[in-house]
Amino acid sequence: MSNYKDNDGGKRGLDALSSLCKRRGFIFPSSEIYGGINGFWDYGPMGAELKRNIRDAWWRFMVQDREDVVGLDATIIMHPRVWQASGHASGFADPMVDCKDCKKRYRADQLCEEQGAKLVQKDGGWELPEGVKCLQCGSANLTEPRSFNLMFKTHVGPVEDESSATYLRPETAQAIFTQFLNIYATSRRSVPFGVAQSGKSFRNEINPRNYTFRSREFEQMELEFFIRPDEAVELIYGHVVTMADNPDLDGEPQQDWGWEVWHRYWVEQRLKWYRSIGLPSEALHLYWQKGDELAHYARACVDIEYEFPFGVQELEGIAARSDFDLSQHQKFSGKSMEVFDDHLKAAVSAMDEGAKQMFEQRTVSACILRGKSLDEAKAFCAGLFEGRYVPHVIEPSAGTDRLALAILCNAYDEETLTDSKGKPDVRTVMRLHPAIAPIKAAVLPLVKNRPELYAKAREIYKLLRKEWNCFWDESGAIGRRYRRQDEVGTPFCVTVDFETLDDDTVTVRRRDSMEQERVQVSSLVSWIGAAVRT
RNA sequence: GCGAGCUUAGCUCAGUGGUAGAGCUCUACCUUGCCAAGGUAGAUGUCGAGGGUUCGAAUCCCUUAGCUCGCUCCA
């Protein structure tokens with residue numbers, strides 16, 4: 001299979017792809033008749049189907065095909081305190097300085113740090129200390145540090161003042177944490193279990209780039225998987241399974257897994273899913289964030305990256321976030337985020353005082369090493385002895401739009417054929433996995449001026465479209481109709497010909513190999529059905 | 001956000017001050033027994049937007065939006 005990367009290093013491939021996406025109705029610039037708007041993209045008829053199929057495949061894999069994950073569909077606008085608790089209100093606003101002479105821009109804190117100084121906080125704003133200079137040209141002619149908050153701000157109600165200010169969510173995850181108690185109370189699930197959500201998020205990116213890869217309005221598919229703290233696992237099972245124990249990550253999840261195993265389990269699950277929708281293993285890379293790249297609360301984070309034409313870029317981050325998120329919301333809301341764990345309570349009841357004391361000593365010092373205060377560490381142990389804890393979280397968080405882009409990049413192929421006259425002929429074909437292809441089958445009457453053949457084709461079309469999104473095409477020569485379907489990635493073309501009238505079979509033409517075979521009309525639905533499942 | 005380049009039909013592009021074009025696509029009809037076939041007819045543009053210079057602007061100037069690339073950014 002030839003690939004766009006073969007001839008041009010990728011750049012022209014993205015142009016060819018975006019041109020096809022426009023031409024065939026996958027992706028359009030938003031508001032295009034007004035000149036477009038930077039960082040916003042619309043999905044056309046084909047793109048809408050593709051994205052829906054991706055989302056549905058994710059939901060089926062992550063929620064419906066599991067017994068330990070439930071779903072949520074929360075609002076985009078939430079209480080402003082949510083973003084204080086999550087850290088987005090402050091953390092999203094990195095102060096920046098520009099050099100007025102050479103126009104170079106720096107993050108203010110990094111610029112200061114490089115010169116052994118410290119950024120000064122003043123009146124809720126920021127100030128550069130004396131003597132800080134531009135690293136590039138040495139000029140001290142720098143702008144004041146200015147904040148760029150990446151959250152979109154809006155107002156709830158008619159009055160536009162600070163008291164009504166809210167934000168469009170910059171991630172879907174926080175809604176899951178804020179609804180944790182309701183879901184826990186109503187879903188009849190116990191830890192370990194997860195909550196999944198897909199939906200729109202908004203980030204006012206400074207510089208959207210690379211087609212739809214970094215957009216200002218985008219969709220995420222996130223799972224927050226809640227697990228016991230390792231200490232609770234240890235109390236219940238007497239041991240904690242780590243990667244050193246070589247656990248079977250392909251089988252059923254086990255109750256005695258520690259966070260490290262759960263984290264790896266989800267990495268493997270996610271890779272498995274990406275492969276199931278047609279992204280080849282070779283194009284996927286894992287990037288393990290190093291100690292200094294991790295957020296302070298994160299224990300580990302792995303990025304699943306894809307080889308885009310413009311470089312290897314992140315599709316999904318899988319983070320082990322400890323109990324940071326729920327604890328923050330507990331702190332800001334005043335509502336306890338602890339769960340009661342019967343198994344833990346039972347296990348602790350069976351322990352004698354000496355064993356409990358030993359456990360507490362060990363646990364308190366370990367907690368302090370991880371940065372907790374003595375009081376916090378003691379409260380944690382006291383909670384465990386009563387069967388209570390704040391769950392920890394493993395968070396696989398994927399970008400739907402960048403995944404759609406990866407899938408489109410991966411599917412795009414230009415194949416050189418030799419036509420019947422011996423001339424070379426380039427066939428553009430989107431080799432999408434059948435399960436996510438926008439159109440599963442096109443129904444084509446071989447000719448349209450034979451009423452009984454035409455009617456039979458209509459009948460078959462109506463039969464198939466009850467099952468999947470199908471397409472009817474009667475105009476143009478049959479070869480041209482096949483090639484049109486190739487460009488939108490339709491895996492099967494069902495051609496109704498004269499033989500159909502005699503023996504009730506049709507020609508099914510395969511997109512990838514262009515091979516044809518005859519299939520009984522009565523078995524067509526099961527034949528296609530078997531091929532379009534993941 | 002800074003700098004450079006670009007923006008003409010659905011797509012790819014030609015057009016350096018004098019009547020807006022080509023190829024492909026698309027639509028209809030004819031033809032057509034399986035891979036972009038042929039014929040006939042047809043459709044599509046405020047030349048990204050706004051302003052200016054000029055008798056006259058797609059073309060020159062200014063402003064603005066968008067795209068691409070390089071910086072920067074991506075918590």
Side-chain angles (χ1 to χ4, degrees), chain A residues 11-12 14-16 18-25 28-41 44 83 86-107 109-111 136 143 146-151 170-171 203-211 213-216 293-296 298 310 313-314 317 399 402 415 417-421 423 425-429 444-450 453 475-487 493-500 506-511 513-516 518:
Chain A
K11 192 57 234 160
R12 239 184 68 211
L14 195 59
D15 288 348
S18 60
S19 150
L20 179 135
C21 285
K22 176 87 184 290
R23 191 170 71 242
R24 291 299 184 187
F28 306 129
S30 167
S31 321
E32 196 187 9
I33 60 168
Y34 293 103
I37 174 165
N38 195 354
F40 297 87
W41 300 89
W83 307 114
S86 71
H88 287 87
S90 54
F92 241 56
D94 289 323
M96 310 289 295
V97 289
D98 293 322
C99 172
K100 290 178 186 170
D101 293 329
C102 74
K103 308 293 185 193
K104 191 153 174 71
R105 163 168 294 178
Y106 303 93
R107 250 175 71 178
D109 56 335
Q110 290 177 349
L111 183 67
Q136 183 165 286
T143 63
R146 291 174 293 182
S147 287
F148 293 84
N149 195 317
L150 293 187
M151 283 197 293
E171 61 172 38
R203 295 182 195 182
N204 209 349
E205 298 287 353
I206 293 169
N207 195 355
R209 276 289 163 88
N210 291 329
Y211 200 25
F213 182 80
R214 179 169 294 122
S215 299
R216 288 181 163 134
E293 295 169 312
L294 288 170
H296 66 276
F310 43 83
Q313 295 280 344
E314 179 187 349
R402 46 182 66 179
E415 183 183 37
L417 306 166
T418 309
D419 69 14
S420 50
K421 299 176 196 91
K423 285 187 299 186
D425 168 37
V426 175
R427 179 174 82 118
T428 302
V429 49
L444 320 170
L446 185 59
V447 294
K448 63 176 165 179
N449 56 1
R450 298 290 189 280
L453 191 153
S475 83
I478 193 73
R480 171 180 305 242
R481 282 180 270 167
Y482 288 152
R483 298 299 179 86
R484 280 188 197 129
Q485 294 304 314
D486 288 343
E487 284 206 342
C493 287
V494 175
T495 301
V496 178
D497 50 31
F498 294 96
E499 235 179 299
T500 311
V506 290
T507 301
V508 179
R509 180 262 196 187
R510 293 171 185 270
R511 173 196 68 199
S513 62
M514 298 170 68
E515 282 163 2
Q516 307 187 346
R518 292 211 71 85

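Throughout, protein chains are lettered first and strands after them, A, B, ... in sequence-line order, and every chain is numbered starting at 1.
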Output the single nucleotide from [options] whose closest atom is nearest the side chain of [X].
{"X": "A/Leu446", "options": "B/rC35, B/rG10, B/rG33", "value": "B/rG33"}
{"X": "A/Gln516", "options": "B/rU27, B/rG33, B/rC35", "value": "B/rC35"}
{"X": "A/Val447", "options": "B/rU12, B/rU32, B/rG10", "value": "B/rU32"}
{"X": "A/Tyr482", "options": "B/rA75, B/rC34, B/rA37", "value": "B/rC34"}
{"X": "A/Arg209", "options": "B/rA36, B/rG70, B/rA75", "value": "B/rG70"}
{"X": "A/Tyr211", "options": "B/rU68, B/rA36, B/rC35", "value": "B/rU68"}
{"X": "A/Thr507", "options": "B/rC34, B/rC35, B/rA36", "value": "B/rC34"}
{"X": "A/Ser475", "options": "B/rG1, B/rA28, B/rC67", "value": "B/rA28"}
{"X": "A/Lys22", "options": "B/rG10, B/rC71, B/rC35", "value": "B/rG10"}

Whole angstrom value for the distance that separates [atom2] of [N] from [atom1] of [X]:
{"X": "A/Leu444", "N": "B/rG33", "atom1": "CG", "atom2": "P", "result": "16 Å"}
{"X": "A/Arg450", "N": "B/rC30", "atom1": "CZ", "atom2": "P", "result": "12 Å"}
{"X": "A/Arg480", "N": "B/rC34", "atom1": "CZ", "atom2": "P", "result": "16 Å"}

- prompt: Quick one: the side chain of A/Arg509 and the base of B/rC35, do they pair up donor-acceptor inside 3.5 Å?
  reply: yes
- prompt: Is any N or O donor-acceptor pair between the side chain of A/Glu32 and the base of B/rA65 shorter than 3.5 Å?
  reply: no
Is there a Watson-Crick or G-U wobble partner for [N] with both distances under 3.5 Å, and if so, which one is it?
{"N": "B/rC73", "answer": "none"}
{"N": "B/rU40", "answer": "B/rA28"}
{"N": "B/rC67", "answer": "B/rG5"}
{"N": "B/rG18", "answer": "B/rC55"}

query: If we take the C1' atom in both B/rG21 and B/rC29, what is their distance in whole Å?
result: 27 Å
message: When the P atoms of B/rA37 and B/rG18 are compared, how many Å lie between them, rounded to an integer?
response: 39 Å
- line: Sorted by position of nearest nucleotide on RNA chain B, 5' first, the leading residue of A/Gly476 and A/Val426 is A/Gly476
Nearest-nucleotide 5' precedence on RNA chain B, A/Glu171 against A/Thr495: A/Thr495
query: Rounded to the nearest 0.5 Å, what separation is found between the CG atom of A/Leu444 and the CD1 atom of A/Ile478?
result: 4.5 Å
- line: d(A/Met151 CE, A/Trp83 CH2) to nearest 0.5 Å is 7.0 Å
Residue from A/Arg510, A/Arg480, A/Arg509 passing salt bridge (Lys or Arg N to Asp or Glu O under 4.0 Å) with A/Asp486: A/Arg509
Verify the contact: side-chain N or O of [X] to OP1 or OP2 of [N], cut-off strictly under 4.0 Å; return yes or no.
{"X": "A/Lys448", "N": "B/rU31", "value": "no"}
{"X": "A/Asn38", "N": "B/rC67", "value": "yes"}
{"X": "A/Arg484", "N": "B/rC26", "value": "yes"}

